[in-house]
Each structure stands twice: as C-alpha cells, then as structure tokens.
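Per chain, numbering begins at 1; letters A, B, ... match sequence-line order. Basis for what follows: all heavy atoms, side chains included, without hydrogens, waters or symmetry-related copies.
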Amino acid sequence: MRASTWVFCIHGTLPLMDSNSEPANSSPVTRFAPSPSGHLHVGGARTALFCWAFAKGRGGKFVIRIEDTDQKRSSDAASVGFLKDLEWLGIRWDEGPVFRAPDGSSVGGGEHGPYFQSERLEIYNHHIARLIASGNAYEAWDSQEELEALRKEALGRKEAFRYRFRGEPSAEDRARFAAEGRVPVVRFRAKLAPVTIPDEVLGYTVLPEGEVDDFVIRKKDGFPTYHFAVVVDDELMRVTHVFRAQEHFTNTAKHVLLQDALGFRRPVYGHLSIIKNPDDSKMSKRDKDKVLRKAVKEQGITAPPESTVSVEEWTAWTASDAVQLSLEGAIRLADALRVQLPEINVDDFRRSGYLPEVICNFLALNGWSPGHDVEKFDNEFLKERFGLDRVLKTPAKFDRVKLLAFNTDAMNAMSHEEFVARCRAHAEAFRPEYLARLTPEQFARLMTATKERSKTLDEPFKSNAFLLETNESLQFKDDKAVRKALGIGATSEAGAKSGLDHLRAMRSILEQCEWTHDALEHAANAYATDCAGGKIGSVAQPLRVAVSGTTVSPPIWDTLLLVGKPGSLRRLDRCIEWAVALR
RNA sequence: GGCCCCAUCGUCUAGCCCGGUCUAGGACACAUCCCUCUCACGGAUGGGACAGGGGUUCAAAUCCCCUUGGGGUCACCA
C-alpha cells in the first residue's frame with residue numbers, strides 16, 4: 001500500500017536482486033566507492049591503493065562504484081574526473097565505470113553494474129520494500145522543524161539525539177500530511193541491543209545498546225542514504241573486504257544491523273586512519289582556499305588582480321568562507337599573489353612534477369609498512385606484501401618534504417633517456433610554452449643540464465623561466481646576491497676587479513669565442529687564471545646574472561649554450577648597462 | 001557533551017601480538033664538515049623519542065589500570 005507513495009517503482013525482478021545465488025568465492029573483492037569528484041584526494045588515493053593491492057595480490061577483483069545519491073551535489077561530466085588520476089597512478093579497476101585510458105586500453109565495465117548508485121534506485125527500493133514488509137523499516141513523516149525540536153530537546157538534556165519509532169500516525173495526521181504535501185522518509189528500525197563493530201585494523205569493539213538510532217534509509221527525494229546503498233551494493237557486487245576511512249568506523253554498526261535484517265553476508269572491515277596536514281588539521285581541498293584567503297588578507301587586496309578571477313567569483317568568494325574558488329581561478333590568483341598553493345589532490349602533485357610510482361610508494365608508507373626498515377618499493381611489491389595486519393591505527397601527517405626526497409631519489413635513478421621522455425611528456429601536458437619556444441637542440445641541452453639537479457619533472461622548466469624571456473624582456477633581479485656578484489655597492493679591495501669589470505672583459509672574449517661547452521670553459525678559465533686569481537666563480541656568477549637574470553641557473557656553460565651566442569652577448573650588454581645605472 | 005578509537009625521535013616508521021637480543025633501529029628533516037662556477041646532487045659525522053602516573057614481573061617500549069593529549073561519530077552528506 002505504501003508502495004504507491006514511492007517515487008520510483010519496481011519493474012519486475014532484476015537478476016541483481018538475487019544475492020545469495022552464487023557460491024562463496026574465495027578470491028577477494030574490494031571496492032573504492034567515492035562520491036563524484038573531478039579530483040582524487042591523496043587520502044582517497046591511498047584508500048584506493050590499499051583496496052587495489054589487497055585484491056590484486058590475492059587474485060581478486062577491485063571494483064569502483066560511484067556514490068552519487070546526493071542530488072544536491074553536481075553530477076556533471078566532471079564527476080568522474082578522478083578516474084584519470086587513479087589510472088595515472090597505475091591503479092586499474094576490474095569493474096566499475098568505463099574509462100578509456102590514454103594508451104587506448106579500456107578499464108571498467110563488469111556484470112554487477114550499473115556502478116553509479118543513482119542508476120540503481122529500483123534495486124534499493126526492492127530491498128527497502130522487503131525491510132518494510134518484515135517490519136524492519138517504517139515510514140516517518142516528521143518535518144525538519146519537528147526533528148530540530150527533538151534534537152534541541154535532547155541537547156537540553158545533554159544527550160545525543162537518537163531517533164526512535166514515534167508510533168503510527170493517526171488518520172487525521174495522515175490526512176494533514178497529505179494536505180501539506182509531506183513526503184515520508186523510510187527509517188530503519190534499529191535493533192535495541194549492543195552491536196559489535198567488526199574491524200580487522202582497530203579490533204572488534206562493542207557499541208552499547210541504543211547507540212544506533214532509527215536512521216533514515218530512504219530520503220524524501222526517493223534516493224537511498226549512503227548507509228543503505230552501501231550495504232546493498234556491497235552485497236550485490238560481491239564485495240568481500242571493505243577498507244575505508246576511519247570516519248566510517250561507527251557507521252559500520254548501522255551497516256551490520258542492516259546486513260542482518262536483509263540477510264546479507266558480512267564483508268571483512270578495515271578502517272584506515274586519516275591523513276593530516278603538518279599542522280595537525282585534516283588535509284582537505286579547503287587548504288588551497290585557506291592559503292589564498294590568508295595571502296589576500298596579508299597583502300591587503302580588495303579586488304581581484306587582473307586576469308585572475310571574475311568580479312562575480314571574487315565577490316562570492318570574499319563574501320563567504322564556504323565558497324571555494326574554481327581550481328583554475330585559484331591557480332591564477334596564486335600566481336598573481338606569488339603564493340604557492342598546497343598540493344592536495346593527486347593531479348596537483350602531477351602538475352608539480354611528481355612521479356606516480358613515487359606517490360603510490362609514499363602514500364602506502366603513510367599508514368602501512370612492510371617492516372624490516374624497507375621503505376622504497378613499487379606497486380608490485382605492495383601487491384605481494386600488503387595485508388591488514390601491518391596497517392597502522394594512528395593518523396599520519398603528510399610530509400611533502402619527504403615525498404620530495406623520495407621523488408628526487410627516483411629522478412636520480414632514472415636513465416637519461418627516461419628522464420627526457422618523461423620531462424617531455426610533462427611539458428606537453430603542463431609546460432607547452434617551453435616546447436614552443438625551445439628548439440630540439442635547446443631542449444636536449446636543457447635536459448642534460450638539469451637532469452642531476454632536478455627533483456621533479458617540472459623543475460627543468462620551473463627553475464629556468466629565463467629561457468622564456470626574450471633578450472630584451474629579461475629582467476635582472478636586484479637583490480643582495482646579484483649585487484654581490486656584480487660588485488655593486490661594495491667597496492672592493494684596491495686593484496681588485498669587480499664582477500662588472502669581469503663582465504666587460506668577458507664580453508669581448510666571448511664575442512671571439514667558439515660557442516661550444518669546451519671552448520667557453522677554456523676561454524673563461526684562462527681569463528680567470530689571468531685576471532681573477534684563478535677563481536672561476538667570480539667570473540661565472542656575473543655571467544650567470546647577465547644571461548639568466550639571477551644568481552641561480554644550470555651550469556654556466558650550459559646556460560650560455562641554452563641562451564645562444566647572440567642572445568648571450570645581447571644580455572651581457574643589457575646587464576652591463578643596467579648595472580652601471582644602478583651604482 | 002554521550003559513545004567509540006588512538007598514543008615510539010620534529011615527521012614517516014621498525015620493534016609491541018609471542019616481556020629479556022632495545023644504552024630503542026631506519027628514512028626524511030636539522031646541525032657541522034667535505035665536494036663545488038650558482039642552485040642542487042653526493043660523501044662523512046652529530047644531536048634527537050618509548051605522553052605522564054600507578055601496577056604485574058627477577059625483568060616492560062612491549063601486559064593491565066588511571067590520567068592527559070589527539071582523532072572519529074552523534075544528518076533526509078558520503
């Protein structure tokens with residue numbers, strides 16, 4: 001009878017609804033079940049990695065399911081953008097949304113779909129009907145206001161609010177609800193008994209009787225709540241092991257109760273600790289906004305800087321802390337404000353030039369370790385060794401400095417060919433301007449000049465922005481180090497040549513010099529021996545300032561080759577001019 | 001606040017389950033030195049932790065209890 005009030009109806013019996021028709025399978029099935037998102041958070045990445053490693057190391061399957069039962073959250077095309085991040089990390093799924101990988105192969109699919117919960121409503125309704133029929137669930141008509149009042153009352157008694165069955169509505173009530181256009185939710189009638197939360201990481205713990213209330217399993221809009229959908233889908237998708245964030249630990253009691261009422265099997269649970277920021281706060285997407293808000297405040301900025309974000313976006317953003325800037329806008333604003341956005345999502349780290357294998361390695365080390373002081377390993381190793389018995393219960397702080405060190409080691413271990421290939425791929429994706437500006441010879445030179453000092457794939461580009469400047473647009477940085485190199489403002493010892501003097505002298509030497517690494521080095525060394533007391537540094541540094549604008553660049557001979565002879569001479573002239581005007 | 005979970009160098013962690021082999025090991029970071037045309041890389045050396053208090057025991061980082069601190073949860077979010 002109440003079925004008539006349902007928003008969604010059952011159309012026959014789906015084969016998927018038979019859950020116990022298959023013999024127990026010994027190989028495990030794990031799943032990663034995020035809500036829709038365009039970006040994969042590092043915490044989520046670690047959960048996915050562990051799920052993947054556990055299943056794949058035991059001949060099982062790894063499933064991805066999209067938990068999009070909240071209609072308020074957008075579910076546009078970008079909703080599964082995070083899939084590309086998973087694929088990039090080397091985490092591939094056996095079942096789930098279909099995804100075309102860059103290499104042309106296809107990931108996903110499977111016979112237990114659909115893998116979007118929003119497409120599974122009739123399945124959920126079928127099982128909700130079973131629960132109602134067996135007396136394990138009921139419709140509840142309370143309005144938000146009524147619930148709020150109840151909650152306040154409980155708060156007044158200093159108690160946590162627990163919803164309990166409030167009796168069948170009378171005929172008059174029912175008529176009034178209908179007149180008001182009220183739509184009921186469905187609540188689960190929680191068994192009044194202690195509930196054991198099974199957890200292979202934290203250990204089994206008993207929740208006292210009454211802790212679990214009659215929670216909602218179907219919302220007013222006809223969508224199931226997370227608790228209900230997750231239990232049904234884990235059963236139907238044959239999930240044997242559930243590894244998820246620790247915030248779900250207490251929720252597990254609800255899931256266990258639901259499984260019992262539904263006659264479902266119980267997967268093995270393992271709750272993973274959260275990953276925190278160095279300052280102990282929870283790592284979140286908001287962290288980027290926080291950095292920007294702080295910078296805006298500190299710099300006293302009251303209007304959006306040119307070509308960063310629109311006035312509308314700016315106004316909305318400054319008006320409320322709850323509003324977050326678009327990723328693109330945030331990046332442009334950070335550039336304008338000269339602040340570094342913290343990397344939070346997997347694609348942030350990708351953009352910064354981190355290696356996917358290093359991210360996986362490092363992520364795995366946050367909350368798990370293979371023991372025996374081993375800490376460098378790949379996903380194959382993880383797959384072989386990963387087990388719940390060595391998962392840590394304590395939350396880890398995400399240490400970007402150590403991540404960088406790991407990345408540096410991996411970069412150093414690369415062959416030159418691999419380094420070039422991966423840097424090129426990185427540039428194609430994130431630094432196209434370098435590819436456009438540099439000739440193949442220059443690019444090759446940049447690679448040899450930067451390989452041993454690069455900590456990330458982005459470093460050859462990020463650290464050498466002077467290559468993008470024209471000979472006329474290059475700005476010389478006026479700071480202490482530059483002044484020291486050129487001898488500006490310093491009282492030099494009697495007879496000693498300043499950096500500027502060396503620059504003038506080198507100008508004519510370089511003009512005569514063959515533009516090769518060896519010839520340049522010989523010419524400069526000869527000059528340094530004669531005129532700089534053999535100190536090549538006092539010649540190289542002024543040259544570096546002249547061609548790169550700062551005191552930091554790749555080895556000076558490589559830098560000169562990179563800039564080229566005409567360019568170098570022109571930059572020298574401009575630098576001399578600039579320095580003379582400064583003193 | 002109720003309920004639940006957790007606790008080793010600054011950080012990630014090994015050791016803890018099965019007490020002695022731990023004057024607690026590794027890695028990152030830090031400090032000093034070496035290398036050096038800048039920045040890096042690299043090499044050497046060094047400081048640095050069992051949250052506190054009670055037990056149990058011949059013996060406790062390891063087992064038990066309390067305190068303190070941290071986290072999670074208490075939604076028609078997931």
Side-chain angles (χ1 to χ4, degrees), chain A residues 33-36 67-70 72-73 117 140 142 144 147 151 154-155 157-163 183-187 197 199 201-203 205-208 210-213 215-221 223-227 229-230 244-251 253 271 273-274 276 278 280 282 362 365-376 389 392-399 401-406 408-409 411-412 450-455 459 463 481 485 521 524-525 528 535-545 548 550-557 559:
Chain A
S35 44
E67 312 232 313
D68 55 349
T69 54
D70 184 356
K72 286 190 279 294
R73 297 194 191 183
Q117 291 185 327
D142 315 84
Q144 290 298 351
L147 288 175
R151 217 166 263 132
L155 200 69
R157 290 195 308 266
K158 288 194 179 262
E159 279 172 19
F161 173 58
R162 307 268 184 247
Y163 188 98
V183 178
V185 298
V186 176
R187 284 181 182 270
I197 300 176
D199 187 292
V201 172
L202 299 172
T205 73
V206 181
L207 224 51
E211 277 299 310
V212 180
D213 71 351
F215 56 94
V216 173
I217 56 176
R218 192 179 61 208
K219 300 180 268 188
K220 212 159 52 183
D221 65 6
F223 277 59
T225 57
Y226 161 75
H227 303 297
V230 88
R244 70 216 323 187
Q246 230 171 58
E247 66 201 68
H248 290 302
F249 179 71
T250 321
N251 288 337
H271 290 94
S273 61
I274 60 161
K276 297 194 291 182
D280 269 332
K282 192 173 167 185
F362 187 70
L365 234 32
N366 275 248
W368 180 80
S369 95
H372 305 290
D373 293 331
V374 174
E375 58 173 12
K376 296 285 179 65
D389 53 333
L392 275 308
K393 304 175 183 184
T394 48
K397 286 183 204 177
F398 194 80
D399 184 356
V401 177
K402 184 160 180 173
L403 204 218
L404 218 214
F406 269 44
T408 305
D409 290 347
M411 297 284 294
N412 287 345
T450 55
K451 162 99 169 40
E452 68 175 16
R453 72 200 64 247
S454 290
K455 299 182 171 187
E459 195 149 344
S463 304
E521 185 168 6
N525 273 329
K535 291 196 313 207
I536 189 67
S538 54
V539 179
Q541 279 304 81
L543 282 175
R544 199 185 306 281
V545 170
S548 78
T550 72
T551 53
V552 178
S553 87
I556 186 62
W557 325 121
T559 307

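For the pair A/V216 and A/V186, the minimum side-chain heavy-atom distance is 4.5 Å or more. Between A/Y226 and A/D70 the shortest side-chain heavy-atom distance does not fall below 4.5 Å.
Straight-line distance between the C1' atoms of B/G53 and B/U68: roughly 10 Å, to the nearest whole Å. Going from the P atom of B/G71 to that of B/C17 covers 29 Å, rounded to whole Å. Spacing between B/U23 and B/G52 at atom C1', rounded to whole Å, works out to 23 Å. Comparing the C1' positions of B/G47 and B/G1 gives a spacing of 44 Å, expressed to the nearest Å. If you take atom C1' in B/G19 and the same atom in B/A27, they sit 28 Å apart, rounded to whole Å. Spacing between B/C30 and B/G69 at atom C1', rounded to whole Å, works out to 26 Å. Distance check on atom C1': B/G55 versus B/U21 gives 26 Å, rounded to whole Å. Rounded to whole Å, the separation between the P atoms of B/C63 and B/C16 comes to 10 Å.
Contacts of A/S553 with the nucleic acid, taken as non-hydrogen atoms under 4.0 Å apart, include base atoms. Base engagement by A/I556 is indicated by at least one non-hydrogen atom pair under 4.0 Å involving a base atom. At the heavy-atom level, A/H271 lies nowhere under 4.0 Å from the strands shown. Nucleic acid contact for A/R162: base, since at least one base atom lies under 4.0 Å from a heavy atom of the residue. Note on A/E159: nothing from the nucleic acid sits closer than 4.0 angstrom, heavy atoms only. Among the heavy atoms of the strands lying under 4.0 Å from A/T394 are primed sugar atoms or P, OP1, OP2 only; no base atom is included. Residue A/D142 is classed as a base contact, given a heavy-atom separation below 4.0 Å to a base. Contact annotation for A/V185: base contact, defined as any heavy-atom pair under 4.0 Å involving a base atom. Counting non-hydrogen atoms under 4.0 angstrom, A/E67 reaches the backbone sugars and phosphates but no base. A/P554 comes within 4.0 angstrom of a base, heavy atoms only. If you check every strand for non-hydrogen atoms under 4.0 Å, A/P208 touches sugar and phosphate atoms only. Base contact: A/L147 has a heavy atom under 4.0 Å from a base atom. Looking at heavy-atom distances under 4.0 Å, A/G203 makes no contact with the nucleic acid at all. Counting non-hydrogen atoms under 4.0 angstrom, A/E459 reaches nothing in the nucleic acid.
Summarising the base pairing, B/U62 is matched to no nucleotide, lacking a Watson-Crick or G-U wobble pair whose two defining distances lie under 3.5 Å. Base pairing annotation: B/U11 forms a Watson-Crick or G-U wobble pair with B/A27, both donor-acceptor distances under 3.5 Å. Using N1 to N3 plus N6-O4 or O6-N4 for Watson-Crick, or N1-O2 and O6-N3 for G-U wobble, each under 3.5 Å, B/C3 pairs with B/G72. Nucleotide B/C33 forms a pair with B/G43, judged by Watson-Crick or G-U wobble geometry with both contacts under 3.5 Å. Across all strands shown, nothing is found opposite B/U57 as a Watson-Crick or G-U wobble partner with both distances under 3.5 Å.
For the pair A/M411 and A/S454, the tightest heavy-atom approach, listed with the atom from each and the gap, is CB-O, 3.6 Å.
Geometrically, A/R187 engages A/Y163 in a cation-pi contact, judged by NZ or CZ lying under 6.0 Å from the ring centre and within 45° of the ring axis.
Using modelled atom types and a 3.5 Å distance limit, the side chains of A/T559 and A/S548 yield no donor-acceptor pair.
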Could you walk me through whether A/T225 and A/T69 pass the side-chain contact (heavy atoms from CB on, under 4.5 Å) check? CA-CA 7 Å; A/T225 57; A/T69 54; over 6 Å; no

List the steps and the verdict of side-chain contact (heavy atoms from CB on, under 4.5 Å) for A/E67 and A/V230. CA-CA 8 Å; A/E67 312 232 313; A/V230 88; 3.9 Å; yes

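Take the nearest nucleotide of RNA chain B for A/E452 and for A/L202: the residue whose nucleotide is more 5' is A/L202. Where A/D399 and A/L403 each meet RNA chain B at their nearest nucleotide, the meeting point lying more 5' is that of A/D399.
Taking the ring-ring contact (aromatic ring centres under 6.0 Å, His included) definition, one finds that A/F362 meets it with A/F398, A/F406, sequence neighbours left out.
Close approach of RNA chain B to chain A, defined as any atom under 4.0 Å from a non-hydrogen atom of the protein, starts and stops at B/G1 to B/A78.
Classified by its glycosidic torsion, B/C9 falls in the anti category, the angle being over 90° from 0.
A salt bridge links A/K402 with A/E375: the distance from a Lys NZ or Arg NE/NH1/NH2 to an Asp or Glu carboxylate oxygen falls below 4.0 Å.
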